[in-house]
Amino acid sequence: MYAAVDLGSNSFRLHIGKHDGDAFRVLKSVREPIRLAAGLDATGNLTEAAMQSALACLRNFQAVLSGYRLDAVRVVATSTLRVARNGPAFLPAAEQAIGYPIEIISGEEEGRLIYMGVASALLDPSERRLVIDIGGGSTEIILGRGADIERVESFSIGTVKQSLSFFVGGRVDAASFEAAILSARSHFEDAAPPYHPQFWKQAYGSSGTIRAIADIIAKNNLGDGKLSPAGLDALKLRFIAFGQVALIDMPGLRPDRAGTIIGGLAILIALVRELDIEVMQPVEAGLRLGVMWDLYLRSMQRDRREESVAALALKFHVDGERAGRVAQLASGMYAQLKPAGDGCAKLLRWSALLHEMGMVVSQTGYHKHAAYMIENADMPGFTTREQRIMSKLILAQKGNLRKVAEALADTDFAKAVLALRVAILLMHARIDADAGELKLRMKNRIDLEIRREWVGSHPTVSYWIEKEQEWWDEVGIDFSVRSVA
């Protein structure tokens, strides 16, 4: 059994599911309308009230999760926690409340997981499809064929801000709607051409907002009863006729959703017009189902992150033999250092495989180029936090350590940095060794035992070890080296 928790900008949601043959069976589903995006103040910070509401919800979720024997749990946060200025400061309290790490994922990773969830629910493995998800803080558009994603983009426009910005005080009129639609179209117009109908057979709407709009249109016999230009325009006119959000009362629309559904409708109308969509099919699948599938595939040793690393290495012409040697030696030494957890082991290996990718830009300062590229690249499967850790590891691979001094307070990260630096040192000195041929320890100080013959046969080894001792001493860590037979 797996659990997926989605900390969205509009609602927090939890799914607990069991993998059953070729599908997931959802055993428990919980939703709380936190409206986190509405809790951002004028400075871009989450208000105290918004944070307390979120923490209360997370504690409730923790109580639900504790009632199941789960193989894995993944908690993902989307748009609002991506942009909140005090998000990093809020994260520790949030993680304590739910009892699991929280991963702030990029918009592109959100789109990838959404598509994975949708594709798992559809039968046609060769269908060319467009998937749209309109969330509280962002909108994702994904183009794919079967299970394969061909293109994914995330746009910083969502239901909460669109509703608050254009329907001020809950007033709903024709001018406000057209302004909201025009604003939304401006976000999509440059990106629209690759998503036009000639590139897909069927369009799907995966978000709760789109499913709710489809339900309202069908239950009220609006337009042609479909998610089409006619149906959407008829719903818009009906909302305008009410005049106020507080007065909207229609079959299929929960009272708590009226305040944000109008912004979502404006965005959907903009997309339908901009992408020339004749009809869209709502689908009961998306991010949470995608997260559970991702957890299952990882358990089956089919980690999407491995594919991302291999693709980047190929794209930036990384020398696979050199990278592989460093990765193997660094991983062996890291295990020898006995880290407290396993959070850095894979990230260290992937960082080692990509540590020279910055050479495609310049051999001077290539570690800085690679660090920037890793932190900002579109890396399917990776979270923002994972990419940031890898970026710091790669930045720390050479030169002084002052640039990552604060991060070295994390003992496992410091051990990963040490393992990577020593592995690169030996590779540059052309010493063909494995981790069992040296001893490396790190507690209050670093102790390295290296074979005497390496020092004699490779003149640069002594120089680089002396430099390592200086650099570690600069950050307050003593580095002792002993040559043995």
Discussion item. For Phe61 and Phe12, take the angle between the two ring planes, folded into 0 to 90°, and tell me which bin it lands in: parallel under 30, tilted 30 to 60, perpendicular over 60.
Written reply: tilted
Worksheet item: Got Val361 and Met373 here, is their nearest side-chain heavy-atom distance under 4.5 Å?
Response: yes
Discussion item. With a 4.0 Å cut-off on N to O distance, would you call Asp303 and Lys346 a salt bridge?
Written reply: yes
Worksheet item: Got a sec, which pairs hit side chain to side chain donor-acceptor pair (under 3.5 Å) with one end in residues 38-55, sequence neighbours left out?
Response: Asp41-Thr43, Thr43-Asn45, Glu48-Gln52
Item to complete: Kindly state each residue pair satisfying side chain to side chain donor-acceptor pair (under 3.5 Å) with at least one member in residues 139-149, sequence neighbours excluded.
Response: Ser138-Glu140, Glu140-Ser154
Item to complete: Test Leu237 against Leu222 for side chain to side chain contact (heavy atoms under 4.5 Å, CB included), laying out the working first.
Response: CA-CA 10 Å; Leu237 292 174; Leu222 297 174; over 6 Å; no
Worksheet item: Checking Gln387 side chain against Ile374 main chain: does a donor-acceptor pair fall under 3.5 Å?
Response: yes
Discussion item. Within a 6.0 Å radius of atom NZ on Lys403, are there more than 12 heavy atoms belonging to other residues, nucleotides or ligands?
Written reply: yes
Practice prompt. Please answer whether the main-chain N or O of Ala371 pairs with a side-chain N or O of Ser391 as donor and acceptor at a distance below 3.5 Å.
Written response: yes
Discussion item. Can you tell me how far apart CD (Glu406) and CZ (Phe413) are? Round to the nearest 0.5 Å.
Written reply: 11.5 Å
Worksheet item: Any sub-3.5 Å donor-acceptor pair from His355's side-chain atoms to Ala352's backbone N or O?
Response: yes
Discussion item. I'd like to check Leu227 versus Ile277 (side-chain heavy atoms, cut-off strictly below 4.5 Å). Are they in contact?
Written reply: no
Discussion item. If I compare all heavy atoms of Ile262 with all of Ser163, which pair ends up nearest, and what's the gap?
Written reply: CG1-OG, 3.8 Å
Worksheet item: Taking all atoms of both residues into account, what is the closest heavy-atom pair of Glu153 and Ala191, and its distance?
Response: OE1-CB, 3.8 Å
Fill in: Side-chain touch Val283/Gln202, heavy atoms, less than 4.5 angstrom
no
Worksheet item: Hey, mind stepping through Leu289 and His15 against side chain to side chain contact (heavy atoms under 4.5 Å, CB included) and telling me if it holds?
Response: CA-CA 8 Å; Leu289 188 57; His15 268 13; 5.5 Å; no
Could you tabulate the donor-acceptor pairs under 3.5 Å formed by side-chain atoms of residues 90-101, not counting sequence neighbours?
residue	atom	partner	partner atom	Å
Glu95	OE2	Ile102	N	2.9
Glu95	OE2	Arg385	NH1	3.4
Glu95	OE2	Arg385	NH2	2.8

Discussion item. Show me the pairs that pass side chain to side chain donor-acceptor pair (under 3.5 Å) and involve residues 233-249, at least two apart or across chains.
Written reply: Glu178-Lys236
Worksheet entry | side chain to side chain contact (heavy atoms under 4.5 Å, CB included) between Thr260 and Arg35, worked out | CA-CA 9 Å; Thr260 56; Arg35 305 282 190 267; 4.1 Å; yes
Discussion item. With heavy-atom distances below 4.5 Å as the criterion, would you say the side chains of Leu40 and Val83 are in contact?
Written reply: yes
Worksheet item: So, Asp173 side chain and Ser176 main chain: donor-acceptor pair closer than 3.5 Å or not?
Response: yes
Discussion item. Given 3.5 Å as the limit, does a donor-acceptor pair link the side chain of Ser11 with the main chain of Arg13, or not?
Written reply: no
Item to complete: May I ask you to decide if the ring planes of Phe24 and Trp293 are parallel, tilted or perpendicular, using 30° and 60° as cut-offs?
Response: perpendicular
Worksheet item: Can you find a heavy atom in the side chain of Phe382 that is under 4.5 Å from one in the side chain of Met390?
Response: yes
Item to complete: Locate the shortest heavy-atom distance separating Ser206 from Ile114; write the atom from each residue and the value.
Response: OG-CG2, 3.3 Å
Worksheet item: Thinking salt bridges, do Arg349 and Glu306 make one under a 4.0 Å N-O criterion?
Response: yes
Worksheet item: Residues two or more places apart in sequence or in another chain: which of them pass side-chain hydrogen bond (donor to acceptor under 3.5 Å, both in side chains) with Ser331?
Response: none
Worksheet entry | Atom pair CG/CZ of Leu113 and Arg74 - distance to nearest 0.5 Å | 5.5 Å
Worksheet item: Are Lys226 and Asp224 within salt-bridge range, i.e. N to O under 4.0 Å?
Response: no
I'd like a table of donor-acceptor pairs (distance under 3.5 Å, sequence neighbours excluded) in which one partner is a side-chain atom from residues 264-276, with atom names and distances.
residue	atom	partner	partner atom	Å
Glu274	OE1	Arg185	NE	2.7
Glu274	OE1	Arg185	NH2	3.2

Worksheet entry | Verdict with supporting geometry, Phe167 and Phe177, ring pair (Phe, Tyr, Trp, His ring centres under 6.0 Å) | CA-CA 8 Å; Phe167 302 96; Phe177 246 115; 4.9 Å; yes
Fill in: Residues Arg298, Asp294: salt bridge by 4.0 Å N-O rule
yes
Worksheet entry | Nearest heavy atoms of Ile105 and Arg82, plus distance in Å | O-NH1, 2.7 Å
Worksheet item: Would you say Arg59 has more than 12 foreign heavy atoms packed within less than 6.0 Å of its CZ?
Response: yes
Fill in: Minimum heavy-atom distance between Glu278 and Ser228, given as atom pair plus value
O-CB, 3.3 Å
Item to complete: Provide the closest heavy-atom pair for Leu393 versus Ala416 in the form atom of the first, atom of the second, distance.
Response: CD2-CB, 3.7 Å
Worksheet item: Can you tell me how far the CG atom of Leu81 sits from the CD atom of Glu103, to the nearest 0.5 Å?
Response: 13.0 Å
Worksheet item: Between CG of Leu55 and CD1 of Ile34, what distance do you get to the nearest 0.5 Å?
Response: 10.0 Å
Worksheet item: Is a donor on one side and an acceptor on the other found under 3.5 Å between the side chain of Asp71 and the backbone of Met1?
Response: yes
Item to complete: Keeping the roles fixed (side chain from Glu109, backbone from Ser106), state whether a donor-acceptor pair exists under 3.5 Å.
Response: no
Item to complete: Report the distance from atom CH2 of Trp350 to atom CD of Glu386, rounding to the nearest 0.5 Å.
Response: 6.5 Å
Fill in: Heavy-atom side-chain proximity of Leu312 to Val318 below 4.5 angstrom
no
Worksheet item: Within the distance-only criterion (no hydrogens, no angle test), does the side chain of Ser9 pair as donor or acceptor with the backbone N or O of Thr80 below 3.5 angstrom?
Response: yes
Practice prompt. Taking atom NZ of Lys398 as the centre, report whether more than 12 heavy atoms of other residues, nucleotides or ligands fall under 6.0 Å from it.
Written response: yes
Discussion item. Could you tell me if the side chain of Ser183 sits less than 4.5 Å from the side chain of Gln162, heavy atoms only?
Written reply: yes
Worksheet item: Leu36 and Leu46: side chain to side chain contact (heavy atoms under 4.5 Å, CB included), yes or no, with the steps?
Response: CA-CA 8 Å; Leu36 198 64; Leu46 289 168; 3.9 Å; yes
Worksheet item: Rounded to the nearest 0.5 Å, how far does CD of Glu150 lie from CZ of Arg129?
Response: 10.5 Å
Worksheet item: Would the number of heavy atoms belonging to other residues, nucleotides or ligands and lying under 6.0 Å from CZ of Phe155 be above 12?
Response: yes
Worksheet item: Taking the side chain as C-beta and beyond, is there a heavy-atom pair between Asp6 and Val291 under 4.5 Å?
Response: no
